[in-house]
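Here's the structure we're looking at; comments come further down.
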Amino acid sequence: MKAIISLLIFFSYIPFAFADSKDTTILIDAAALKKANPDKIILDGKIDSDIDHDNVMDVINYAYNASTPPAACSEENCIVQNNRLITQPTLTFDIFLKGPKALIQINYVCTSIGVMKSIHNGMKDIFCGPSSILRWNDEDYIKNN
């Protein structure tokens, strides 16, 4: 009985962990990957999601990196900021649309990848981290803070 109650309490928190005020379903989170795989520096994976809202599951191919790639700079402020960021895990990704069989390269580094309910130009918005949302402009996903 105690195990069942513990299990119910555990599952009661799950909807809140994935809930977002912007109606986002988080698919993968870099910090969670780092915690689950502390010995991994690089990790590749795939997640299915309907990105182009055609009821066909598309594929998000992601690459996890245990640290943020350093920015190119020579100023001391930038170097100090790089040293703080380098310990943050990141994700890069592309999207393969199954319906039209098209590959969309995403040119952003994200801390998490989520699919939002909001749609721009026929494609769902992509959650790229707490301060980044990517929106389809009919050619590419662009950052919209």
Side-chain angles (χ1 to χ4, degrees), residues 6-145:
S6 296
L7 191 61
L8 289 173
I9 290 170
F10 172 76
F11 284 118
S12 71
Y13 289 106
I14 291 176
F16 298 108
F18 293 105
D20 187 276
S21 61
K22 297 175 183 161
D23 293 322
T24 302
T25 300
I26 302 297
L27 300 174
I28 192 80
D29 179 70
L33 273 177
K34 185 171 187 168
K35 187 175 181 178
N37 302 283
D39 298 332
K40 297 279 185 182
I41 305 287
I42 297 170
L43 186 67
D44 294 332
K46 296 179 180 193
I47 302 170
D48 293 332
S49 185
D50 181 13
I51 303 297
D52 54 358
H53 200 59
D54 64 355
N55 295 319
V56 175
M57 296 301 273
D58 304 303
V59 179
I60 297 174
N61 300 299
Y62 68 86
Y64 160 82
N65 193 320
S67 63
T68 304
C73 61
S74 59
E75 297 176 19
E76 189 171 327
N77 272 350
C78 182
I79 293 169
V80 169
Q81 185 177 5
N82 270 347
N83 289 337
R84 268 189 257 131
L85 288 176
I86 204 151
T87 60
Q88 299 299 313
T90 58
L91 298 163
T92 55
F93 66 104
D94 60 46
I95 300 168
F96 178 72
L97 301 175
K98 286 187 179 177
K101 295 194 180 200
L103 183 67
I104 301 170
Q105 295 288 335
I106 306 296
N107 297 314
Y108 297 97
V109 175
C110 302
T111 56
S112 58
I113 301 169
V115 176
M116 304 180 75
K117 289 184 180 178
S118 54
I119 297 172
H120 285 86
N121 297 305
M123 302 283 277
K124 292 182 182 176
D125 293 345
I126 303 292
F127 182 83
C128 185
S131 61
S132 299
I133 295 172
L134 307 178
R135 291 193 174 137
W136 184 250
N137 71 358
D138 220 17
E139 291 181 17
D140 292 308
Y141 271 99
I142 57 171
K143 192 173 181 180
N144 185 18
N145 294 3

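Remember, predicted model here, so these are calculated numbers, not experimental data. Numbering starts at 1 and runs along the sequence shown. The figures that follow rest on heavy atoms only: side chains count, while hydrogens, waters and symmetry mates do not.
Put simply, the side chain of N37 never gets that close to the backbone of D39: no donor and acceptor are under 3.5 Å apart.
Once rounded to the nearest 0.5 Å, the distance linking CG of D94 with CG of N107 reads 10.0 Å. For the atom pair CD1 of I113 and OH of Y108, the computed distance is 14.5 Å after rounding to the nearest 0.5 Å. Taken from CD1 in I142 to CG in L134, the straight-line distance is 9.0 Å, to the nearest 0.5 Å. To the nearest 0.5 angstrom, K46 atom NZ is 11.0 Å from Y62 atom OH.
Counting heavy atoms from C-beta on, the side chains of I95 and I106 come closer than 4.5 Å. Using a 4.5 Å heavy-atom threshold, the side chains of Y141 and I51 count as touching. In this structure, the side chains of L97 and I104 come closer than 4.5 Å at one or more pairs of heavy atoms. The shortest side-chain heavy-atom distance between T111 and Q88 does not fall under the 4.5 Å cut-off. The side-chain heavy atoms of L33 and I28, taken from C-beta on, include a pair separated by under 4.5 Å.
For A63, the side chain to side chain contact (heavy atoms under 4.5 Å, CB included) criterion is met by D44, T92, not counting sequence neighbours. Partners of D48 according to the side-chain hydrogen bond (donor to acceptor under 3.5 Å, both in side chains) rule, which considers only residues two or more places apart in sequence or in another chain, do not exist here.
What you find for A30 and Y64 is that their closest heavy atoms are O-CE1, 3.5 Å. Closest of all the heavy-atom pairs between N61 and F96 is ND2-CB, 4.5 Å. Considering every non-hydrogen atom in both L91 and S112, the closest pair reads CD1-CA, 3.8 Å. The two residues K143 and S132 make their nearest non-hydrogen contact at CE-OG, 3.0 Å. Nearest heavy atoms, P89 versus K34: CG-CD, 3.9 Å. Here the closest non-hydrogen pair linking V56 and D54 is N-OD1, 3.0 Å.
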Please evaluate residues D52 and D58 with respect to the criterion side chain to side chain contact (heavy atoms under 4.5 Å, CB included), reporting the C-alpha separation (whole Å), side-chain torsions for both, the decisive distance (0.1 Å), and the verdict. CA-CA 8 Å; D52 54 358; D58 304 303; 2.9 Å; yes
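With a 6.0 Å radius and a threshold of 12 heavy atoms from other residues, nucleotides or ligands, I41 has its CD1 atom at or below the threshold.
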Just list the side-chain donor-acceptor pairs under 3.5 Å for residues 123-130, sequence neighbours left out, or say none.
from : atom 1 : to   : atom 2 : distance (Å)
K124 : NZ     : D50  : O      : 3.1
D125 : OD1    : H120 : ND1    : 2.8
D125 : OD2    : S118 : OG     : 2.7
D125 : OD2    : H120 : ND1    : 3.0
D125 : OD2    : R135 : NE     : 3.2

